[in-house]
Each structure stands twice: as structure tokens, then as C-alpha cells.
Amino acid sequence: MDFLCKEGNIEVSSPSNIAFVKYWGKRNFQLPLNSSVSMTLEKSRSNVKIDFSLKKQASSTNRVLRNFLFEGKENEKFALRIESYFQHLKKDYPFLERYEINVFSSNTFPHSSGIASSASFFSALAGCISFLLIEGLHEHMKTEDTFEKQDSISTISSLARQGSGSASRSFFSHYGQWSTSFDEGNYAEGLSNIHPDFLSMKNSIAIVSSREKRVSSKAGHHLFENHLFREQRIGQGEKNFEMMKTILQTGDFKSFFPLLEEEALTLHALMMTSRPGYMLMLPESLQLMNDVRSLREEEGLEVGFTLDAGPNVHILYPEREETRVMSFLNDKYPHLNQEKLVIHDSCAKGAILVNKELRY
Ligand code: PMV
């Protein structure tokens, strides 16, 4: 156990991602039922700092988390989730119990925006924790480095997956693929040879509602276990995954938007047809989606939408359409910009190391 670092602190900044082909349904411990692919975002990020030290020999507690602060405030519910994540990791890394860890987290997007932060948070936390668990990693990494070049990236991505499935994809610049063929979905990888138009893709996120979801993704995944359309969805998801990767590499926008929208609407159709069913879209989501479609089908703009598990509409378009999409939003939905209810995000690089101090 000599390699154990005595104390130190690590800070990682990690982006959220938006899935173009959705992960829905899991087996065992957060292994996905179908493959998914996502775009890494720039502005929607979590910053997580851990400070840690080896427990005193006499310590009798098996808790790993000492304290958790989100934007300077305690959050007991989330602290419990972090502690249970640490307890889960201890099965593979028992020496984690020898540490006590403080976790400090903040988001670059307003936490009331309804943007899911579990992907950005758990990838940032896993990035921090990986320095304690993966021997030798610290020798290679400098600040501002992304994790994707590390030899141990599959293990790091797997660590994040165990906190939140979609977090496994946030380490990769531009696009992350989480395939069921990667050791049954144990980890995600980057997707290379992306067409330049997809590298500079834009995503304007319209915040239709910032209220907490009535049904969490965790409950949604659970309801999918006995879903009537389960097998069809798994087959559709795998096919769409292959098609989407080809589209991203060839720059085929004509096929892209219908497939993107099919995936979003399938996800919500599955929620609506669960037993019991539920609906997360709101009237304004529908209005925006219809308007975005008209913009494409009637006015010829290269634009489309997707949704995450919530009512907010992600409007996707290549950089060359930015001016026309902005004037559409200003003309038809002026309150979005005025009330800061839209985040103009774009495709970007994955999680980066911000700072590390390790004392042996
Ligand atoms: O990462 P989780 O377990 O919260 O599940 C998220 C699932 C979706 O966001 C709806 C889709 C996806 O692939 O990101």
C-alpha cells in the first residue's frame, strides 16, 4: 500500500453532453441496454474539487465522504448519493476506505436551469477520484490536459459510468460513443474522423422549465425494465447508433435531423407509454419543436431539435446557420434571450484537469 498518496487535492472541470442517440434502460449496475452517442458541450460544465487525506490509524468509520458542498452549501440528499457511489467503488478499490474526502462542486450553468448535471458532476468526480485509484496516472497528466489521451481512459470512463451512465461519455472531445460492444458497455470511447461541420456544431438550449422533473431518469430507466416496446427499442437504438456515427463522419445533414428528432421523440414516447406513463414535455416544448421543424422543412434552414429527459428543447445547427437561428429565436421567442432562458452552447473538448497537488 506504499503507493497510496497521503493527502492532496484535485480539481477537474467536466462538461455535460447531449445524446443524439439515447441511452434508455440498464441492466446490472448501470450497463446500458443499447449503445448511445453524444455531443460534448462547452458551457454546461461542473467544476469538482476534492481534498483528501489518509484516515488516522485509529479511525473506525467506514464512510469515505467527509463533507459535500454544492456552491458553498450543504446538500444532504446529494451527499448520500456520493457516499453510496464511494461505497460501490470500494468493492473494486477497497483501499478507498482508507481515505476521507471532502467534495466541493459548482456548475457554470444556473442550477435551476433544468439542465441535467449528473453527467458533468460524476465525470468530474470520477476524474478526481481516478488519481487515487489508478496508480501511475498522475505521472502523465498536466493541467489543461483532457483525460481522453490517458492509457487508463477506459477505467476512468467506467468509474464515471458507475456514478451516472451518461457521465461515461463526458471525457471525450466533440463526440463520445458508449457502445454495448465495449465490454458490454463498461466504458465509453471517443468517436474520431468527425466531419468538420459537426465539430463546430451549435446547440441553443431553450429552458422551457427549470422545475425539478416529476419522474427522475433513474425511475424512468426502472420503468423501462418491463416496457411493452423494450425489445423494439433496443433494436432501434443499435441501428440508429450505427447510422448516427456514419452521419457524423460524412456530414450528412439531410439524414441527421430526422434521425436526431426520431431519437428524442422515441425517448419521450417510451416515457408516455410506460406503466404508469408520464409526460415531461410541456406545451412550449411542443410549440418550439414544431417551429424548428417548420424552419427546416418550409424555410430550408439546417436545424433540428433533441430533448433530454425533460421539457427543455436543444436546438442543433451547424455554425453557418447561427445568424438565421438567432433571428428566429429573437423574432418568435424574444423572452428566451431577454430572460436568459437560453444557453448558446457548442461542441467542445472533454473533461480537463484544472489542478492537482499530491503529497506522499
Ligand atoms: O445518465 P443517466 O443514468 O441519468 O441517464 C440519462 C439518460 C438520458 O439522458 C435520457 C439519455 C442519454 O443517453 O444521455
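None of these values were measured; they are calculated from a predicted model. Atoms within each ligand, like the ligands themselves, are counted from 1 in listed order.
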Side-chain touch Ser46/Ser14, heavy atoms, less than 4.5 angstrom: no

Distance from atom 3 (O) of ligand 1 to nearest protein heavy atom, with residue and atom: His221 NE2, 3.4 Å

Nearest non-hydrogen protein atom, atom 9 (O) of ligand 1: Asp308 OD1, 2.7 Å

Proximity flag Ser164 to ligand 1, non-hydrogen atoms under 4.0 Å: yes

Within-shell test, Arg169 vs ligand 1, heavy atom, strictly < 4.0 Å: yes

Distance-only N or O hit between ligand 1 and Gln30, under 3.5 Å: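 No.
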
Polar contact flag for Tyr23 and ligand 1 (N/O pairs, less than 3.5 Å):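 Between Tyr23 and ligand 1 (N or O atoms, distance only) the closest approach is under 3.5 Å.
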
Proximity of Ser166 to ligand 1 by residue part, where a heavy atom lies under 4.0 Å: both

Side chain, backbone, both or neither: the part of His268 lying under 4.0 Å from ligand 1 by heavy atom: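 None of His268 does.
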
Expected output: side-chain Glu225 to main-chain His221 donor-acceptor under 3.5 Å: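 Side chain of Glu225 to backbone of His221: no pair is present.
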
Pair Arg45, Ser13: side-chain N/O donor-acceptor within cut-off below 3.5 Å: yes

Salt bridge (Lys or Arg N to Asp or Glu O under 4.0 Å) partners of residues 165-186, not counting sequence neighbours, each pair once: Arg27-Glu184

Of all pairs that satisfy salt bridge (Lys or Arg N to Asp or Glu O under 4.0 Å), the ones with a partner from residues 258-271, not counting sequence neighbours: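 Counting only pairs at least two positions apart or across chains, the salt bridge (Lys or Arg N to Asp or Glu O under 4.0 Å) contacts touching residues 258-271 are Arg233-Glu263, Glu261-Arg293, Glu261-Arg296.
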
Near-ring test Phe198/Phe253, centroid separation under 6.0 angstrom: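 Under 6.0 Å, so yes.
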
Atom indices of ligand 1, in the order listed, that fall short of 4.0 Å to a heavy atom of Ala19: 12 (C), 13 (O), 14 (O)

Those atoms of ligand 1 less than 4.0 Å from some heavy atom in Gly165: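 Within the 4.0 Å cut-off of Gly165, ligand 1 contributes 1 (O), 3 (O).
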
ILVMFWY cluster, Leu280 and Leu260 together (side-chain gap under 4.5 Å):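 In one cluster with Leu280: Leu260, no.
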
